[in-house]
Peer 1: 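Starting off with a structure, shown below.
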Amino acid sequence: MRLSTALAACVLLAAPLCSTAQVSININVPGVVMAAPPPPRYEVMPPQRSGYVWVPGNWQWQHNAYDWRQGYWEPARPDHIYAPGRWVRADGGWRWVEPNWKASKRKKDKHHGHDDHYDRDDDHGHGGHHCPPGQAKKGRC
């Protein structure tokens with residue numbers, strides 16, 4: 001009798017705890033970081049180097065935190081303009097848009113203006129959609 005009374009008391013005490021339980025759903029979208037990146041750090045650009053393009057520093061998402069990557073010199077590509085990477089709002093969070101090289105107007109003139117791909121101002125020529133990380137390097141965007 002004493003055991004059943006103790007068991008009943010435990011059940012009565014546990015009942016309110018069960019009624020306050022909450023369900024949390026976290027949807028993890030690959031390539032999307034939920035925390036906004038910090039403001040860019042100010043960097044003094046070193047003196048110009050012939051044949052190179054300055055890549056400004058940026059925040060990179062590493063091991064659940066942002067880590068600053070300092071700017072560096074990238075070898076220039078003939079007839080191309082460097083478009084630095086950047087963070088953009090996407091899917092309820094932030095997505096890194098990979099840096100890339102865009103053909104310059106001079107290259108367009110060499111092709112007699114038949115390729116309107118070079119006239120687009122959006123990212124990767126997809127009407128404002130952003131290429132997932134790593135896909136541009138694979139030629140999928």
Side-chain angles (χ1 to χ4, degrees), residues 2-141:
R2 194 175 237 208
L3 180 60
S4 61
T5 304
L7 184 59
C10 288
V11 169
L12 287 175
L13 289 174
L17 296 175
C18 295
S19 66
T20 60
Q22 295 181 3
V23 176
S24 176
I25 298 174
N26 184 13
I27 300 173
N28 186 12
V29 178
V32 173
V33 178
M34 300 315 288
R41 289 184 179 174
Y42 175 75
E43 289 184 316
V44 176
M45 189 173 108
Q48 184 67 36
R49 286 179 64 183
S50 180
Y52 287 84
V53 173
W54 176 251
V55 176
N58 57 66
W59 291 104
Q60 293 295 308
W61 184 253
Q62 302 283 330
H63 309 292
N64 296 325
Y66 284 101
D67 188 35
W68 181 255
R69 180 178 183 193
Q70 292 184 340
Y72 59 95
W73 290 106
E74 174 84 20
R77 291 185 180 179
D79 299 323
H80 286 78
I81 298 170
Y82 182 77
R86 65 196 181 287
W87 288 98
V88 296
R89 287 189 165 278
D91 302 323
W94 294 85
R95 183 181 302 272
W96 175 250
V97 176
E98 293 289 334
N100 66 2
W101 290 90
K102 295 183 180 185
S104 67
K105 298 290 182 190
R106 194 169 59 215
K107 183 162 184 159
K108 179 187 170 195
D109 293 340
K110 289 181 182 179
H111 290 281
H112 307 294
H114 292 295
D115 191 354
D116 69 341
H117 172 76
Y118 299 114
D119 289 336
R120 296 180 181 163
D121 290 331
D122 59 344
D123 297 316
H124 311 292
H126 285 269
H129 300 327
H130 301 287
C131 189
Q135 298 303 309
K137 292 178 184 175
K138 296 175 184 174
R140 296 183 182 154
C141 295

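Quick caveat, the model's predicted, so the values are computed rather than measured.
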Peer 1: Quick check, are the ring centers of Trp94 and Tyr66 under 6.0 angstrom apart?
Peer 2: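 Aromatic pair excluded; centres sit 6.0 Å or further apart.
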
Peer 1: Looking at CG of Asn64 and CE of Met34, how far apart are the two atoms once the value is rounded to the nearest 0.5 Å?
Peer 2: 13.0 Å

Peer 1: I'd like to check the ring pair (Phe, Tyr, Trp, His ring centres under 6.0 Å) partners of Trp59; sequence neighbours left out, ordered by chain and number.
Peer 2: Trp68

Peer 1: For the residue pair Pro56 and Glu43, what are the closest heavy atoms and their distance?
Peer 2: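 Nearest pair, atom of Pro56 first, then Glu43: C-OE1, 3.9 Å.
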
Peer 1: Check whether more than 12 heavy atoms from other residues, nucleotides or ligands sit under 6.0 Å from atom CD of Gln70, and answer yes or no.
Peer 2: no

Peer 1: Going by ring pair (Phe, Tyr, Trp, His ring centres under 6.0 Å), name the residues that satisfy it together with Tyr82, two or more places apart in sequence or in a different chain.
Peer 2: Trp101

Peer 1: Which heavy atom of Gly93 sits nearest a heavy atom of Val32, and at what distance?
Peer 2: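 Result for this residue pair: CA-CG1, 3.7 Å.
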
Peer 1: side-chain contact (heavy atoms from CB on, under 4.5 Å), that's the test. Do Lys102 and Asn100 meet it? Break it down for me.
Peer 2: CA-CA 6 Å; Lys102 295 183 180 185; Asn100 66 2; 3.9 Å; yes

Peer 1: Go through the structure and list residues passing side-chain contact (heavy atoms from CB on, under 4.5 Å) with Ala76, not counting sequence neighbours.
Peer 2: Val53

Peer 1: Whether the side chain of Gln60 engages the backbone of Arg69 through a donor-acceptor N/O pair (distance < 3.5 Å, no angle test) should be reported.
Peer 2: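 Checking the backbone N and O of Arg69 against the side chain of Gln60, no donor-acceptor pair under 3.5 Å is found.
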
Peer 1: Measure across Trp96 and Glu98 and return the closest heavy-atom pair with its distance rounded to 0.1 Å.
Peer 2: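 Closest approach of Trp96 to Glu98, heavy atoms only: CD1-OE2, 3.5 Å.
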
